[in-house]
Amino acid sequence: MLRGYILHHRPYRESSVIVNLLVDGVGRLDALVRVGSGKKNIKSIIQPFQPLIFQFNSKSDSADTSLKFITQIEPAAPALPLKSNSLYSAMYLNELLVRVLNAGQHAEGLFLHYHRSLMALASEFDSQHLRYFEMELLNELGALPSLEYDTQGENITAEMSYRIIADEGFLPVAQQASANVTNSRHLLSGEMLINLKSKQLAENNLVQAKGLMRLLLSPLLGGKPLLSRKLFIKNSPTKTVNSK
């Protein structure tokens, strides 16, 4: 049996759904599952944020031969109790994964990071959890610049400021990190980069970390906006609008 989460699902014919899955040790897979009817209906567990165990084969009654067919599926644990900002943030993670991972794409290490992010969000909302998952996703896809060494091969230091250079990394600039750097759209503090790598972002690092992650994810997402981001902004109090 494999374990995983449903990222998204859509109806298929009368009694089936197509599910986009994040599978432990595998990555993203798309599969067909029959939901049944009456007492055997399993729609209640075919939902995001429900830990699942399942098994499947490669045969499907769909015209899409890339789809797996789930032969057995059951809950591995209760659904995670996500509410308010934590729920919107988890929806963002799901949409992000569906958008940047292709069906069948190997991303063996992402499941654990995703699971831990959901557990953290279920406990308490904190935008740091989003930044850390985005970092792990970029790393898994080979799109994360080194957070340890700059473009000159030197260690990134907390006292230095950096400018990101596409396809190269972080270029040190001849200016020490200061209060101005924190709000700069062009410079990044070495302190933030170090704290991001160690997953210990401070409050004054959050704006820069969010900007950096959006910049790095943008080429992977293309020009289409994320629907979950709009939902988050629409339903969040003013003071937390910029959290995601």
Side-chain angles (χ1 to χ4, degrees), residues 1-56 67-101 103 105 107-134 136-137 140 199 226-237 240 243-244:
M1 299 283 279
L2 296 169
R3 61 175 182 166
Y5 282 95
I6 290 173
L7 302 174
H8 180 71
H9 61 80
R10 63 186 186 275
Y12 180 77
R13 296 180 179 173
E14 292 185 2
S15 60
S16 299
V17 294
I18 293 175
V19 292
N20 308 131
L21 297 160
L22 184 65
V23 183
D24 187 16
V26 179
R28 177 182 161 182
L29 289 176
D30 291 354
L32 187 69
V33 57
R34 290 195 178 98
V35 297
S37 60
K39 293 182 178 180
K40 295 183 178 181
N41 190 298
I42 59 171
K43 283 184 179 180
S44 62
I45 66 169
I46 308 300
Q47 302 294 335
F49 320 126
Q50 166 67 67
L52 297 167
I53 54 174
F54 46 83
Q55 61 185 23
F56 54 79
L67 283 175
K68 306 292 184 181
F69 179 71
I70 292 179
T71 57
Q72 183 177 349
I73 186 168
E74 58 189 73
L80 295 174
L82 295 159
K83 299 179 181 179
S84 189
N85 287 345
S86 291
L87 175 60
Y88 304 137
S89 296
M91 291 169 66
Y92 162 72
L93 296 185
N94 281 12
E95 186 178 11
L96 188 62
L97 285 168
V98 171
R99 288 278 297 275
V100 305
L101 294 180
Q105 183 166 351
E108 293 87 349
L110 271 183
F111 174 85
L112 188 56
H113 296 300
Y114 175 80
H115 176 69
R116 287 174 174 170
S117 297
L118 292 187
M119 294 289 286
L121 287 168
S123 175
E124 180 184 12
F125 170 75
D126 192 322
S127 64
Q128 293 182 41
H129 305 316
L130 305 182
R131 304 294 84 84
Y132 303 149
F133 182 78
E134 290 165 341
E136 296 293 353
L137 175 59
E140 186 76 27
K199 298 185 178 180
L226 291 167
L227 298 178
S228 56
R229 188 172 287 161
K230 291 182 178 181
L231 182 65
F232 186 92
I233 293 173
K234 178 181 178 181
N235 291 279
S236 295
T240 59
S243 296
K244 188 157 73 67

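Positions are given from 1 along the sequence.
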pair Ser84-Phe125: side-chain heavy atoms closer than 4.5 Å: no

Neighbour count >12 (heavy atoms, 6.0 Å) for atom NZ, Lys43: no

More than 12 heavy atoms from other groups under 6.0 Å of CD on Glu74: yes

Side chain to side chain, Ile42 and Val33, heavy atoms closer than 4.5 Å: yes

Flag side-chain contact, heavy atom, 4.5 Å: Leu121 against Leu93: yes

Phe111 and His115 aromatic ring geometry - parallel, tilted or perpendicular at 30°/60° bounds: parallel

Tyr114, Phe54, Phe49 screened by ring-ring contact (aromatic ring centres under 6.0 Å, His included) with Tyr5, the one that passes: Tyr114

Test log, rule side chain to side chain contact (heavy atoms under 4.5 Å, CB included), inputs Gln50 and Ile6: CA-CA 7 Å; Gln50 166 67 67; Ile6 290 173; over 6 Å; no

Crowding at CZ, Arg99 (>12 non-hydrogen neighbours, <6.0 Å): yes

Any Val98 side-chain heavy atom under 4.5 Å of Arg28 side chain: yes

Nearest atoms (heavy-atom pairs only) where Gly25 meets Glu108: O-CG, 3.2 Å

Check: Ser89 side chain, Asn85 main-chain N or O, donor-acceptor pair, under 3.5 Å: yes

Test item: Glu136 side-chain N/O and His113 main-chain N/O as donor-acceptor pair under 3.5 Å: no

